[in-house]
Amino acid sequence: MEKSVFYFDSFLFQPESGNIVFSYHSSSGESFQEKITFPGAPFEVDKQTADALNQVLFLAHIACGINYYKAFLSDEIQILSGSLTHEQAAFFDDFYLKGLGEFAIKNNVNLQGKIHFPFGNGQAKKCDISFEPKALVPVGGGKDSCVVMELLKELNVPATGVACGGSKPQSACAEKSGLPYITFNRVLDSKLFELNASGKVYNGHVPVTGIFAFLLWALALLRKEKYVVMACEKSANSGNMKQGDLNINHQWSKSFEFEKMFYDLTQSITPDFRYFSLLRPISEAHIARLFAQMCSAYFNVFTSCNKAFKLDLNKRIEGWCGSCDKCRFVFLILAPFMDKETLIRAVGTNPLNDENQIEGYRELLGLSGHKPFECVGEVDECRWAFNQLKQNSEWQDDYAVRTLDVPFALAPFTVSDEHLIPKELQDVMARFRT
């Protein structure tokens, strides 16, 4: 039987329009084009920047291809748009394997030993690019990026909020921050959605944060801005389950493992550039406490529910659904720190007092199943928050609080030294330790 092949065809950047086109095809006959448009065009690109940008966009071409490769899980990968180094190929072997971990579980496939990116004998070319000490901050519309924006203001770092597409919660949070705000557009090929709807191809979760990391690297390079400042916390390092020896983590591209791998990749091309998470040393609960202390201006506009950010605009909602794993978790982790009525008003409901959501809380609290495939915190910090509510007369009568008995857990406020925060910004650690 003839091997199936997935091809990474070409990439094109048009500096006059800011448009990028990534092209792919499969040996079964389907071809795809993905289009990205960066704000700020026309771009003037000198030779050093062009050399760096060509390398970065080639890598972004490989990263974005995961959306299309996953549909077919082809036997072989061929790259027509360039040649990966040995180190870059090893990176993408991991990126596809671990980034598609949840996808593999839900599609009942095992990708271990299947994905092999080809490579040549070349090396990455370091480019002497001088970046300004300014930051791009991805604005997600949830509590974490709000905290990052406020911390950067305390650190006196000039920052610009950036979002892909720009939903209402993202633009509203950016407006509350008072920072400049830009958006870029990413349009996946509509044929992929048609194939997904047909049920004839594989479909599922991809490492979106990891894909955006490459696009943000390219945008920072065009703008000559030194920092891309993420809002990923140490809780993201905690996986959901195992597939053999492989740790399956819904948040793998938000983990420190990915962050360090990606950082090393950037240093081989743009050594003055810095990609890091400002919140890496602390937990979700710690971030919730900071949000309650620092971000009251955002209470009426932030949204953590992923249904507010769906690619299909017909399925997108403007606020919180109030009944998904993400809504349940964020409500729980904020409850010990925020006024109850303020929190209920922000989310629009009280999932802790809804008997239909009790099984969802059992999973979050490690009482059944496994940690949900969502961007939620660790079981122990959920248990700590829940037990805080058990001791609070304001919350004690809510259905979940009075119904569930949850094991004790230590307060999740230790500050980790495992991070990539640049030395010049480490004054933030003092803020975390107060």
Side-chain angles (χ1 to χ4, degrees), residues 1-9 22 24-32 34 59 61-79 84 88-119 188-214 236-255 257-258 261-262 306 310-312 324-325 363 368-376:
M1 186 175 177
E2 190 174 345
K3 281 188 174 181
S4 60
V5 185
F6 187 81
Y7 297 90
F8 293 77
D9 291 332
F22 294 136
Y24 313 90
H25 79 278
S26 75
S27 57
S28 53
E30 296 87 352
S31 60
F32 306 95
E34 179 165 322
L59 298 178
H61 180 221
I62 308 302
C64 288
I66 197 169
N67 283 287
Y68 309 97
Y69 166 84
K70 79 169 190 327
F72 308 99
L73 298 182
S74 302
D75 300 317
E76 183 180 335
I77 289 168
Q78 290 192 20
I79 302 175
L84 294 170
Q88 290 167 350
F91 172 93
F92 282 111
D93 286 349
D94 261 359
F95 183 77
Y96 274 55
L97 173 64
K98 295 175 180 176
L100 292 175
E102 176 185 337
F103 164 93
I105 293 292
K106 292 192 172 179
N107 284 279
N108 196 28
V109 297
N110 191 334
L111 301 180
Q112 296 174 66
K114 179 178 178 63
I115 300 167
H116 302 285
F117 277 87
F119 56 89
L188 278 71
D189 197 307
S190 61
K191 289 193 291 293
L192 179 64
F193 298 107
E194 293 168 10
L195 284 168
N196 289 340
S198 76
K200 296 177 181 178
V201 299
Y202 294 104
N203 188 22
H205 177 77
V206 297
V208 174
T209 301
I211 294 169
F212 285 167
F214 285 91
N237 298 332
S238 176
N240 301 80
M241 61 186 298
K242 290 273 193 179
Q243 185 184 53
D245 294 332
L246 183 65
N247 185 35
I248 305 298
N249 184 357
H250 171 84
Q251 300 188 83
W252 181 75
S253 64
K254 293 184 177 181
S255 71
E257 180 185 14
F258 169 79
M261 286 170 52
F262 182 73
N306 287 333
K310 282 186 174 291
L311 287 175
D312 186 340
C324 67
D325 291 316
E363 289 184 356
S368 68
H370 58 76
K371 179 182 171 185
F373 281 124
E374 251 299 357
C375 295
V376 298

#### Entry: side-chain contact (heavy atoms from CB on, under 4.5 Å) between E34 and L188, intermediate numbers included
CA-CA 5 Å; E34 179 165 322; L188 278 71; 3.7 Å; yes

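- Residue K70 holds its NZ atom at 8.0 Å from CG of L100, rounded to the nearest 0.5 Å.
- Panel note: side chain Q112, backbone Q243; a donor-acceptor pair is recorded below 3.5 Å.
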### Task
Would you check, one step at a time, whether the test side-chain contact (heavy atoms from CB on, under 4.5 Å) holds for N107 with L73?
CA-CA 11 Å; N107 284 279; L73 298 182; over 6 Å; no

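- Just one of S26, S27, S28 meets the side-chain contact (heavy atoms from CB on, under 4.5 Å) condition when paired with V5; it is S27.
- Classification of the Y69-Y96 ring pair by plane angle, with boundaries at 30° and 60°, yields perpendicular.
- With rounding to the nearest 0.5 angstrom, the CD1 atom of I211 is 5.5 Å from the CZ atom of F95.
- Taking the six-membered ring for Trp, H61 and F214 have ring centres at least 6.0 Å apart.
- Q251 contributes a side-chain N or O that, together with a main-chain N or O of V376, makes up a donor-acceptor pair within less than 3.5 Å.
- Using bins of under 30°, 30° to 60° and over 60° for the plane-to-plane angle, the ring pair F32/F72 lands in the tilted bin.
- Listed by first and then second residue, the salt bridge (charged side-chain N to carboxylate O under 4.0 Å, His left out) pairs involving residues 91-105 are D94-K98, K98-E257, E102-K106 (not counting sequence neighbours).
- Once rounded to the nearest 0.5 Å, the distance linking CZ of F8 with SG of C64 reads 10.0 Å.
- The two residues S74 and S4 come nearest to each other via the heavy atoms CA-OG, 3.3 Å.
- In this structure, F92 and F117 have tilted ring planes: the angle between them lies in the 30° to 60° band.
- With hydrogens and angles disregarded, no donor-acceptor distance shorter than 3.5 Å links the side chain of S255 to the backbone of A236.
- Atom CG of N67 is separated from atom CG of L192 by 6.5 Å, given to the nearest 0.5 angstrom.
- The side chain to side chain contact (heavy atoms under 4.5 Å, CB included) check on V208 picks up V206, F212, with sequence neighbours excluded.
- Relative ring orientation between F258 and W252 is described as perpendicular, the plane-to-plane angle rising above 60° on a 0-90° scale split at 30° and 60°.
- Scanning both residues, I66 and P207, for their nearest heavy atoms gives CD1-CD, 3.6 Å.
- To the nearest 0.5 Å, atom CD1 of residue I62 and atom CD1 of residue I77 are 8.5 Å apart.
- Between the CZ atom in F103 and the NE2 atom in H205 there is a gap of 11.5 Å [rounded to 0.5 Å].
- Scanning all heavy atoms of the two residues, the minimum distance from A71 to V201 falls at O-CB, 3.2 Å.
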